[in-house]
Amino acid sequence: MSDSGAWLLLLALALDGLWGDPVYRWHPVRLIAQTIRFWEARLRSWGAEGYWGGIALVLATVALVVVTIDASTWAWQQLGTPWAWAWQVFLIWSFLALRDLVQHAARVGQFLAEDDLPGARKAVSWMVGRDTEQLDAAACGRAAVESVAESLCDGVVAPLFWFALLGLPGMACFKAVSTLDSMVGYRTETYRKFGWASARLDDLLCWAPARLTFVLLALVAWAVPGCSARDAWRVGWRAHGQVASPNAGWSQAAMAGALRLKLRGPIWRNGRLSSSDWMGAPDARENVGPTDLVRANRVVWSVAGLIGLVLIGML
């Protein structure tokens, strides 16, 4: 990655950390989602609802996103390098989710601190796909910590990784695939075949970032009060396979070890018990409260800070 690329990432990471992701109609990720819905409707109307239809959806979406990113960047470049830099920083900022991630977790922690269980359940429902109606306070805390750990990879480390490797087109490609996975990558009857390509490609693109997130979590754990770097390494290495996803378990297990918590436990989806395994050291706590969410957010900020220091070192 060039010095200019490091500057772009550093500026975008700082903007996202300070102000979060702005919400407006023409947000790039919203436009990607609209593109996906457009192509999905067209493919289904043509009878392409199986594996080949899902592959076509991925190809059409990624191609359109990457071509649009390249064309728009070239257009701004014609006005001068500062304009092109500003445009690229704006796009990178739009593809990150650092501050939004910690704000979601902080909201759950606030409800738990106020003993507002209905509020905590509602806030958690915005972060996870499991049933939340019957969660107790500790289960709400566990779900929020798991989401923080997984989203640290998907929303921060992975986009930065792909920019560092392939530039803005690589980052845009990852974000398109990640959005595809979140919209169609389900194992339901509707999407089992149609969303297969999106889910598998997302698994592939997150493979290296997930393991990098594990390493980063373990490295910063020594600097966060109340965290254990040793347990982050040990639990992350031993327990990551407890999650069905080939990638999500790395950051979740490392976070469980770092915070000395037991995560997961009974998880219900669509009224059915989908998992009952606990993740964490044998002597870890199951009761996750607002203080633990504060520490989880500190770990997230520390990872972002470590990435920032690396970028500064490259300048």
Check residues 256-263 and write down every donor-acceptor pair under 3.5 Å in which the side-chain atom is one partner and the other belongs to a residue at least two apart or another chain.
from	atom 1	to	atom 2	distance (Å)
Arg260	NH1	Gly226	O	3.3
Lys262	NZ	Pro282	O	3.3

Using residues 182-189 as the side-chain source, report each donor-acceptor pair under 3.5 Å to any protein atom, sequence neighbours left out, with the distance given to one decimal.
from	atom 1	to	atom 2	distance (Å)
Ser182	OG	Thr179	O	2.8
Tyr186	OH	Ser182	O	2.5
Thr188	OG1	Tyr191	N	3.4

| remark: Given the options Leu59, Ile69, Thr35, Leu64 meets side-chain contact (heavy atoms from CB on, under 4.5 Å) only with Thr35

| query | For Trp301, which residues count as a ring-ring contact (aromatic ring centres under 6.0 Å, His included) partner, sequence neighbours excluded? | reply | none

| request: Check whether Leu117 and Trp268 end up in the same hydrophobic cluster, where Ile, Leu, Val, Met, Phe, Trp and Tyr are linked by side-chain heavy atoms less than 4.5 Å apart. | output: no

| message | Can you tell me if Arg230 has over 12 outside heavy atoms packed within less than 6.0 Å of its CZ? | response | no

| Would you find a donor on one side and an acceptor on the other, under 3.5 Å apart, between the side chain of Ser178 and the backbone of Phe174? | no

| Sub-4.5 Å side-chain heavy-atom contact between Glu150 and Asp154 | yes

| request: Examine Phe90 together with Trp93 and report whether their ring centres are nearer than 6.0 Å. | output: no

| task | List in chain and number order the residues that pass side-chain hydrogen bond (donor to acceptor under 3.5 Å, both in side chains) with Ser275, two or more places apart in sequence or in another chain; answer none if no residue qualifies. | result | Arg264

Side chains of residues 201-224: which donor-acceptor partners sit under 3.5 Å, not counting sequence neighbours?
from	atom 1	to	atom 2	distance (Å)
Asp203	OD2	Arg200	NE	3.2
Asp203	OD2	Arg200	NH2	2.9
Arg211	NH1	Trp207	O	2.8
Arg211	NH1	Asn247	OD1	3.0
Arg211	NH2	Pro246	O	3.1
Thr213	OG1	Pro209	O	2.7
Trp222	NE1	Leu219	O	2.5

| field | Any pair counted as ring-ring contact (aromatic ring centres under 6.0 Å, His included), so long as it reaches residues 47-74, sequence neighbours left out | value | Tyr51-Trp196

| More than 12 heavy atoms of other residues, nucleotides or ligands under 6.0 Å from CH2 of Trp39: is that the case? | no

| message | Please report the interatomic distance NE2(His104) to CG(Asn297), rounded to the nearest 0.5 Å. | response | 11.5 Å

